Amino acid sequence: MFPDGPVETSTGRAVPIHDGYWAFVPRPLPPEIEYTPALAALLAEASAGLAALAATADALPGAGLLAAPYLRIEAVSSSRIEGTRTSLGGLLRAEADASAGEPTDDAREVLNYVQATDWGLRSVGRLGLSIRLIQALHGILVRGVRGAVRSPGQFRRDQVHIGPPAGIAFASYIPPPPGDVPGLMAGLADFLREPPRGLPPLVQAALMHWHFEAIHPFEDGNGRIGRLLITLLLCARGVLPGPLLCLSPFIEAHRGDYYDGLLAVGRDGEVEGWLTFFLAGVVAQAGVATRTLRAAAKLRDELRRRLREESRSPNLPVLLDLLLGNPFVTAPRAAAVMGVSGQTARNLLDTLMEFGLVEQFGERRRNRIYYAPRLLRMLEEAAGPPDRMDPRRP
């Protein structure tokens with residue numbers, strides 16, 4: 001258990017709570033950081049990787065179409081870390097099929113994550129990375145799902161612990177007392193509003209995420225909100241043009257190292273180890289995203305060229321771009337998005353089937369679902385485990 005006594009480290013201190021237990025209270029950000037040659041090199045590589053991703057997104061036609069599915073990759077993986085069982089294909093299919101009925105509880109949690117991120121990206125310019133923004137994000141995240149009964153959008157009023165449900169005696173970590181949470185969050189908001197001059201955005205994001213998780217300000221949803229804030233910070237700082245960096249697949253693949261790294265910052269003051277893990281994830285996932293954008297642009301050009309050769313319909317390239325945003329589609333959805341009749345949408349989908357670009361999903365005769373296998377496969381590969389599997393590499 002951490003803390004299990006009057007611990008004091010460079011990043012925080014333990015305070016007594018009840019029954020002889022201790023809670024950890026983090027110090028204000030930023031801690032002192034030793035930029036070893038290895039850490040400085042990794043920071044430079046991660047910054048270059050993000051810059052290459054942003055440049056690729058700006059340069060390639062149609063790259064922005066992948067922002068929507070990439071946001072869903074992050075939502076699926078981040079939610080799966082917390083125990084949901086929704087696949088990327090299942091989520092995309094559910095969103096495309098209006099006749100499918102109410103989503104499952106797990107799918108609703110992922111959809112809430114998508115909606116919270118969408119709202120955050122639209123609102124961060126107006127609200128900043130503020131307490132108001134963070135509380136609103138939490139309200140959207142837990143709306144109508146398992147955390148809805150736990151004061152959505154409100155900081156916790158009870159002492160909590162991290163670990164098995166058997167009780168605090170088995171906790172791996174005990175966050176600050178509830179009375180300290182508002183002041184700690186105000187301090188975090190101050191750091192986000194005016195970070196120290198010269199502190200790189202990637203380091204800001206890594207420190208922010210650790211500090212938020214150390215405070216654990218809500219009853220539920222802290223991991224997902226903390227990871228969502230990484231995307232918002234990088235977009236707000238102008239180093240990411242949209243939600244194209246999915247860190248959660250890397251975190252999911254190295255879940256034990258992720259939790260150990262967060263815990264070690266408070267327990268041992270091991271800031272550099274956490275930064276190494278975080279930056280290694282950025283390097284890996286920025287590379288995945290850049291390769292996916294290039295592959296998507298190449299595939300889009302190939303398919304558009306084929307459509308020009310085999311049909312003169314100006315609507316087919318529009319339908320292709322719709323499928324890049326979600327490889328699953330129904331005729332009613334295509335008709336609504338494209339502004340054509342239902343029969344025209346069905347004719348266009350039949351044409352793509354004749355060309356071998358889409359297939360029918362399932363066997364139903366009414367409310368058919370169509371999908372583009374090559375586009376779906378490309379996204380599923382991007383959602384898979386990262387190529388670089390060692391988070392501790394120099």
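These figures come from a predicted structure and were not determined experimentally. All values below come from the heavy atoms of this structure, side chains included, with hydrogens, waters and symmetry mates left out.
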Salt-bridge present (Glu109, Arg85; N to O < 4.0 Å): no
Would the number of heavy atoms belonging to other residues, nucleotides or ligands and lying under 6.0 Å from CZ of Arg255 be above 12? yes
Which label fits Phe212 and Phe218: parallel for a plane angle under 30°, tilted from 30 to 60°, or perpendicular past 60°? tilted
Between Arg80 and Asp106, is the closest basic N to carboxylate O distance under 4.0 Å? no
Using a strict 4.0 Å threshold on nitrogen-to-oxygen distance, state whether Asp190 and Arg193 make a salt bridge. yes
Atom CG of Asp105: over 12 foreign heavy atoms under 6.0 Å: no
In chain order, what residues pass the ring pair (Phe, Tyr, Trp, His ring centres under 6.0 Å) check against Phe24, with sequence neighbours excluded? Phe2
Inspect the surroundings of CD in Glu32 and state if more than 12 heavy atoms from other residues, nucleotides or ligands are less than 6.0 Å away. no
Should Thr351 and Ser313 be marked as a side chain to side chain contact (heavy atoms under 4.5 Å, CB included) after you check the CA-CA gap, both sets of side-chain angles, and the distance that decides it? CA-CA 10 Å; Thr351 299; Ser313 170; over 6 Å; no
Apart from Val114 itself, what residues make up its hydrophobic cluster when side-chain heavy atoms of I, L, V, M, F, W and Y under 4.5 Å apart count as a link, directly or indirectly? Leu71
Exercise: do Glu252 and Ser77 side chains pair donor with acceptor under 3.5 Å: yes
How about Phe170: does its CZ atom have over 12 heavy atoms from other parts shown lying under 6.0 Å from it? no
Atom CZ of Arg304: over 12 foreign heavy atoms under 6.0 Å: yes
Heavy atoms, side chains only, cut-off 4.5 Å: are Leu275 and Val203 in contact? yes
